[in-house]
Amino acid sequence: MRRLPASLIFLCLTASVASAQGTRIWTQQRVEDFEKGTPRGVVIRSDGNLEAGPESKQIAITPSTYVWSIAADSAGNAYAATGSPATVLRVTPDGKIAKIFSSKDLSVQAVRVGKDGSVYAATLPSGKVYKIPANSADLDESKADVVFDPTQTEEKPKYIWDLAFDSSGELYVATGGPAAVYRVDVTKASSKPALFFKSDEQHIRTIAFDKAGNLIAGSDGSGLVYRVDSSGKSYVLFDAPKREITSLTVGENGTIYASAVGGKGPGPLPPLPVQGIPSVTATITIVQPGSVQAFNGNTVIPDGSEVYSIPAHGAPSKIWSAHDDIVYALYWTPRGLLASSGNRGRIYRIADDGQYADIAHLEASQAVCFADSPRGLYVATANTGKVYILSHAQSAESTYLSDVFDAGVFAQWGRAEVDAASTGYELYARAGNIENPQRAWSDWKKVTPNNGSLGLESSRFVQWKVVLHPGATVGSVGINYLPVNMAPVIDEIAVVPGARVNAQPSGQPSQNISINFNAQPNPILQLNTESGREPLSGIRDKSAVTARWAAHDDNGDEIVYSVFYRGDSETNWQLLKARITDRFYTFDATSLPDGGYRLKIVASDAPSHNPGEALTTEHVSDRFLIDTTPPVLSAMEARILNGKIRVTLTATDSATPIGHAEYSVDAGPWQYVEPVGKLSDSLTEHYDFEAQPKPLPPGAEPSANPTEHVITVRVFDRYENAAAAKAVVR
């Protein structure tokens, strides 16, 4: 029986629909566009504007992986609570670091400065709070005064998450396991902690005081925000949609702001990842919710953060959310609410109406906490543990550096279009032919916005930067460019005789056929097929030949194709079809004599260019065979010899080797037969075989001439063209 191979089919259905050649513009005007660049003292607003912002300056890199908390004194010194190793570091505004306290615990979780100038540090996992003189020099925990020891309480909490002082100077300690807040009169040397407030939550994660002196506490477990008066009586102000309240701050008008993470749902979260001193053995497992302190990644909190506003007189509302950022700390300022976040080290300024601005990009994974000082706002980070200072005022000179734009080909750079609300800025541009601007690009050149070209050499890559002065705002920047025209490229051609694409329905059953490019498909691309290699179905048709090709144009021009053919030993190419927009073509094989041929595909970008300016390219296929003529059978002889039929036969084909042969006796079943020599690999094959006459079935009447038989032989070439011959033997 005739059988066809089965393989994957990849034919392109549509012509290129890319935009035509001409002047183009690269524009950055949305917050998503500007986030790709590098701001230095520039604020990226959510409405797509750039403005001069505060200067963020790195002043210290600590020896620790994490800075969990930071505080500042009246002189402008910062105190950083670190983990791995667990220390308290004093950082001066000029960046000098001095270790004032060290512990064998895993980390110092929280740090605050009291009214007397002493530093108070809470450690994990021992859950103690130490009082440290500000002028200490590497004070060991064994010599520091302990003002809070969980073993002295009835509840014996396992964790300390936050510290805060009230207006009278008393210290409040927020704990977990169980969730409680303790009050300590640190002015008395022998003062013992008193339970101030207890919750049925897992943890009290963050605390602050409102303008009336009430304690505001955020929980970890159900995401509750409590108001606790001076007597310890609590009231739930807000039940957040999230599970953990990570930070609280209070505005000048009494509005409470809260950030939250984690979906409310069953199931424990992974243990808190900790790095300890080898001599310390500790296991910390936090079962609901595990705390955002898993700073190594965003896997513990997969749904980002939300920030809520809780007015003194009004309903709570969500004012900001981000799927890719986790808010670790909030800090209110007259210009807006500041939020430090990870895992991209961003600081956001959020307005009550939901508008926001990205005001700083820090070179660390997480911006963790704030501490205000006369010198500026301190910001501490994790991965790695650094200390930054954020200026209170706008930077004298702010710079925004765009990302690198790739035109794809050499381009002529035209006018810069800038939408700006002021003139207090300068625009610069540079260009190069390698993606990294540090590798032999042109120097920065000052550009006059909205007037004349950039004045840069033709190149493939371009980058711009804008310098903003206080009060300046830039809304969008666009660079006009004209790509240098590049000829289309034909990547590959596949020619399959015996296949037809886009055949008209005939009502007759047809057999599907598969066509591939010669290259093996990449298994990774089978689920996401490369453009131009999408599947297309065809049918088996011996009278047709289908060619398909993969092509592209680096300018994105529209392409038209012409198909030519040339036979073996011929010199000239003959046109088959011109101005094809598809990337395949089927033609009738019967219009050409049997033999070997090649196709030439010529691609032109003429539809996208003025007459005479188009470019063309061509590609020649591998040799293929057309064979629509069946073999010729000759010299067939048949005779009965010793009760069997002896047959000899010669089969010849003009184009392709003989494929196979079969015979039938008296209309019986077809039987495969091999040629002389057994191999069927030549244009001419000889057959010499014996066939058994068909026996009479039981009970059948013999014919008038039982010794007469009809033997039929049919021979196929490799393209399934068949010829048959018969002989009568007696």
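These values consider heavy atoms only, across backbone and side chains, with no hydrogens, waters or symmetry-generated copies.
- By the 4.0 Å N-to-carboxylate-O rule, Asp568 lies too far from Arg598 to be salt-bridged with it.
- Taking a cutoff of 4.0 Å between a charged side-chain nitrogen and a carboxylate oxygen, Glu720 and Lys542 do not qualify as a salt bridge.
- Looking at Thr581 and Arg579, their side chains never come closer than 4.5 Å, going by heavy atoms from C-beta outward.
- A 6.0 Å sphere centred on CD of Glu690 holds more than 12 heavy atoms belonging to other residues, nucleotides or ligands.
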- [ ] Determine, stepwise, if the pair Trp413 / Ser459 fulfils side chain to side chain donor-acceptor pair (under 3.5 Å).
- [x] CA-CA 8 Å; Trp413 305 108; Ser459 56; 2.9 Å; yes

Open item on the list: For Arg718 and Asp681: C-alpha separation, side-chain torsions, deciding distance, then whether salt bridge (charged side-chain N to carboxylate O under 4.0 Å, His left out) applies.
Closed with: CA-CA 10 Å; Arg718 289 187 178 175; Asp681 58 359; over 6 Å; no

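- The only option from Asp582, Thr616, Ile601, Val602 that meets the side chain to side chain contact (heavy atoms under 4.5 Å, CB included) definition with Tyr561 turns out to be Ile601.
- Under a 3.5 Å cut-off, the side chain of Ser680 and the backbone N or O of Gly659 do form a donor-acceptor pair.
- Between the side chains of Gln463 and Asp403, no donor N or O sits under 3.5 Å from an acceptor N or O.
- Between Val665 and Ile645 the shortest side-chain heavy-atom distance falls below 4.5 Å.
- Between Tyr663 and Tyr687, the gap from one ring centroid to the other reaches at least 6.0 Å.
- Because its NZ or CZ atom is not both nearer than 6.0 Å to the ring centre of Tyr585 and within 45° of the ring axis, Lys577 does not count as a cation-pi partner of that residue.
- At a threshold of 4.5 Å between non-hydrogen side-chain atoms, the residues Trp26 and Tyr481 count as touching.
- Between the side chain of Asp653 and the backbone N or O of Thr656 there is at least one donor-acceptor pair closer than 3.5 Å.
- Remark: Phe34 pairs with Tyr400 by the ring-ring contact (aromatic ring centres under 6.0 Å, His included) rule, at least two apart or across chains.
- Applying the 6.0 Å contact sphere to CD of Glu32 captures more than 12 heavy atoms from other residues, nucleotides or ligands.
- Checking Ser365 against Asn343 by side-chain atom types alone, no donor-acceptor pair falls below 3.5 Å.
- Within a 6.0 Å sphere centred on CD of Glu637, heavy atoms belonging to other residues, nucleotides or ligands number 12 at most.
- Across every non-hydrogen atom of Arg430 and Asp443, the tightest pair is CB-O, 3.8 Å.
- At distances below 3.5 Å, not a single donor-acceptor pair connects side-chain atoms of Thr628 with backbone N or O atoms of Ala589.
- Of all non-hydrogen atoms in Ala691 and Ile711, the two that sit nearest each other are CB-CD1, 3.9 Å.
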TODO: Test side-chain contact (heavy atoms from CB on, under 4.5 Å) on His660 and Tyr672 and set out the steps.
DONE: CA-CA 8 Å; His660 66 280; Tyr672 174 81; 3.8 Å; yes

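- Although no hydrogens or angles enter the test, the distance criterion places a donor-acceptor pair under 3.5 Å between the side chain of Arg243 and the main chain of Gly263.
- Here the side chain of Lys445 pairs a donor or acceptor atom with the backbone of Gly455 at under 3.5 angstrom.
- Counting heavy atoms from C-beta outward, Gln28 and Phe405 have side chains that stay 4.5 Å or more apart.
- With hydrogens and angles disregarded, a donor-acceptor distance shorter than 3.5 Å links the side chain of Tyr719 to the backbone of Leu625.
- Inter-residue side-chain proximity for Leu633 and Thr650 is flagged as unmet; no heavy-atom pair is nearer than 4.5 Å.
- In this structure, the side chain of Glu417 does not engage the main chain of Gly478 through any donor-acceptor pair within 3.5 Å.
- Of the possible polar contacts, one joining the Asp717 side chain to the Asn721 backbone as a donor-acceptor pair under 3.5 Å is found.
- In this structure a side-chain-to-backbone donor-acceptor pair under 3.5 Å is present from Asp666 to Val710.
- At a threshold of 4.0 Å, the pair Arg583-Asp491 does not count as salt-bridged, since none of the basic side-chain nitrogens sits closer than that to a carboxylate oxygen.
- Taken from CD1 in Ile493 to CD in Glu618, the straight-line distance is 10.0 Å, to the nearest 0.5 Å.
- The closest side-chain donor-acceptor pair between Asn555 and Asp605, if any, does not fall under 3.5 angstrom.
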TODO: Determine, stepwise, if the pair Thr684 / His686 fulfils side-chain contact (heavy atoms from CB on, under 4.5 Å).
DONE: CA-CA 7 Å; Thr684 298; His686 301 283; 4.2 Å; yes

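- With salt bridges taken as basic N to acidic carboxylate O contacts below 4.0 Å, one links Arg344 and Asp325.
- A donor-acceptor contact closer than 3.5 angstrom is absent between the side chains of Thr590 and Ser543.
- Judged purely by distance below 3.5 Å, without hydrogens or angles, the side chains of Asp594 and Thr629 pair a donor atom with an acceptor atom.
- Taking 4.5 Å as the limit, some side-chain heavy atom of Phe587 sits within range of a side-chain heavy atom of Leu592.
- Closest approach of Ala655 to Asp627, counting heavy atoms only: CB-CG, 3.8 Å.
- With no hydrogens or angles considered, no side-chain donor-acceptor pair links Gln29 and Asp419 at under 3.5 Å.
- Applying the salt bridge (Lys or Arg N to Asp or Glu O under 4.0 Å) criterion to Glu674, with sequence neighbours excluded, gives no partner residue.
- Residues Val409 and Pro483 meet the side-chain proximity criterion, which asks for heavy atoms closer than 4.5 Å.
- Heavy-atom neighbours of Glu457 CD from other residues, nucleotides or ligands within 6.0 Å: at or below the threshold of 12.
- Within the 4.5 Å cutoff, the side chain of Ser621 has heavy atoms near those of the Phe624 side chain.
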TODO: List the steps and the verdict of side-chain contact (heavy atoms from CB on, under 4.5 Å) for Leu482 and Arg24.
DONE: CA-CA 6 Å; Leu482 178 65; Arg24 306 178 188 182; over 6 Å; no

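- Other residues, nucleotides and ligands place no more than 12 heavy atoms under 6.0 Å from the CD atom of Gln412.
- Not a single donor-acceptor pair under 3.5 Å links the side chain of Trp464 to the backbone N or O of Val404.
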